[in-house]
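Here is the structure we will look at.
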Amino acid sequence: MQALRLQLQTHNCNFVNLTSIYAQSIRWKRKPIWLPTAKTKVYRVTQRPKIPEEEFLKIKNLYNVYRTSMKSIRLLFLQIGEASQVQEDKGLKQKEMEEDYHRCFSLNEEWNKKIAEEREVRLQQERKQKLEKIKNTKVKVASKIKKLEEEADAIVKEAKLLAPTFITRDNIDEAIEAALANKVNYNKALNPDGTWFIENL
């Protein structure tokens with residue numbers, strides 16, 4: 001196998017899957033550009049071919065005829081292209097440009113007017129929704145304030161009802177005498193029947 005590889009490398013071949021039974025070689029159609037000049041062609045000087053005088057004149061005449069024919073065809077195509085082009089009038093072109101500008105301007109004005117109407121309708125709807133939202137907010141705030149006022153009034157009424165029982169500077173002596181006279185015993189118990197047992201002081 002190594003001998004086969006060496007032999008194939010010397011023949012400048014690339015192989016696909018050498019380990020397989022079905023090996024296929026790919027030979028270069030021509031020498032790659034990165035390879036140097038072959039040793040057998042290093043000092044070779046290519047001889048210029050010698051053409052007879054009559055044959056040289058004949059080839060030269062054919063080349064001249066070919067170049068003249070191609071030049072004629074090229075010029076004919078240019079003439080046909082120039083003839084097919086329409087000669088533009090600058091005044092007419094300017095007039096068309098002005099008409100196109102006025103048409104575009106009027107179309108733009110129509111679009112702007114339509115967009116302005118749509119914008120006005122949208123702004124009115126947004127203004128209406130905003131006013132409704134503010135109105136609802138005011139109603140909620142008013143109801144909340146009213147509720148707070150009612151709660152405050154209830155607290156004030158309850159405080160007024162309890163005001164006579166408050167201890168002030170005027171009745172502090174009477175409150176002290178009443179507390180000393182009526183002692184409260186908190187050492188008591190409750191049986192399952194609901195009877196309180198209070199310790200006598």
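Taking the side chain as every heavy atom from C-beta outward, Lys113 and Glu109 never approach each other to under 4.5 Å. At least one side-chain heavy atom of Arg119 sits less than 4.5 Å from a side-chain heavy atom of Ile115.
Remark: Ile176 CD1 is packed, more than 12 non-hydrogen atoms of other residues, nucleotides or ligands lying under 6.0 Å away. Around the OH atom of Tyr43, the shell of radius 6.0 Å holds no more than 12 heavy atoms that belong to other residues, nucleotides or ligands. The number of heavy atoms from other shown groups lying within 6.0 Å of CD (Glu158) does not exceed 12. Atom CD1 of Ile172 sits in a sparse spot, with 12 or fewer heavy atoms from other residues, nucleotides or ligands closer than 6.0 Å. Within a 6.0 Å radius of CD in Glu151, more than 12 heavy atoms belonging to other residues, nucleotides or ligands are found. The environment of CH2 in Trp111 is sparse: at most 12 heavy-atom neighbours from other residues, nucleotides or ligands sit within 6.0 Å.
The distance from atom CD1 of Ile167 to atom CG of Asp173, rounded to the nearest 0.5 Å, is 11.0 Å. To the nearest 0.5 Å, atom CG of residue Leu162 and atom NZ of residue Lys160 are 13.0 Å apart. Atom CD1 of Ile51 sits about 12.5 Å away from atom NZ of Lys60, to the nearest 0.5 Å. Lys114 contributes atom NZ, which lies 9.5 Å from atom CD of Glu117 (distance to the nearest 0.5 angstrom). Note that CG of Leu148 is 11.0 Å distant from CG of Asp153, once rounded to the nearest 0.5 Å. To the nearest 0.5 angstrom, Arg103 atom CZ is 9.5 Å from Leu107 atom CG.
With salt bridges taken as basic N to acidic carboxylate O contacts below 4.0 Å, none links Glu118 and Arg122.
The only option from Lys95, Met97, His102 that meets the side-chain contact (heavy atoms from CB on, under 4.5 Å) definition with Glu99 turns out to be Lys95.
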For residues 127-144, which side-chain donor-acceptor pairs fall under 3.5 Å, sequence neighbours excluded?
| from | atom 1 | to | atom 2 | distance (Å) |
| --- | --- | --- | --- | --- |
| Asn136 | ND2 | Glu132 | O | 3.1 |
| Thr137 | OG1 | Lys133 | O | 2.7 |
| Ser143 | OG | Val139 | O | 3.2 |
| Ser143 | OG | Lys140 | O | 2.7 |

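Although no hydrogens or angles enter the test, the distance criterion places a donor-acceptor pair under 3.5 Å between the side chain of Asn112 and the main chain of Asn108. Checked by atom type and distance alone, the side chain of Asn171 pairs as donor or acceptor with a backbone atom of Thr168 at under 3.5 Å.
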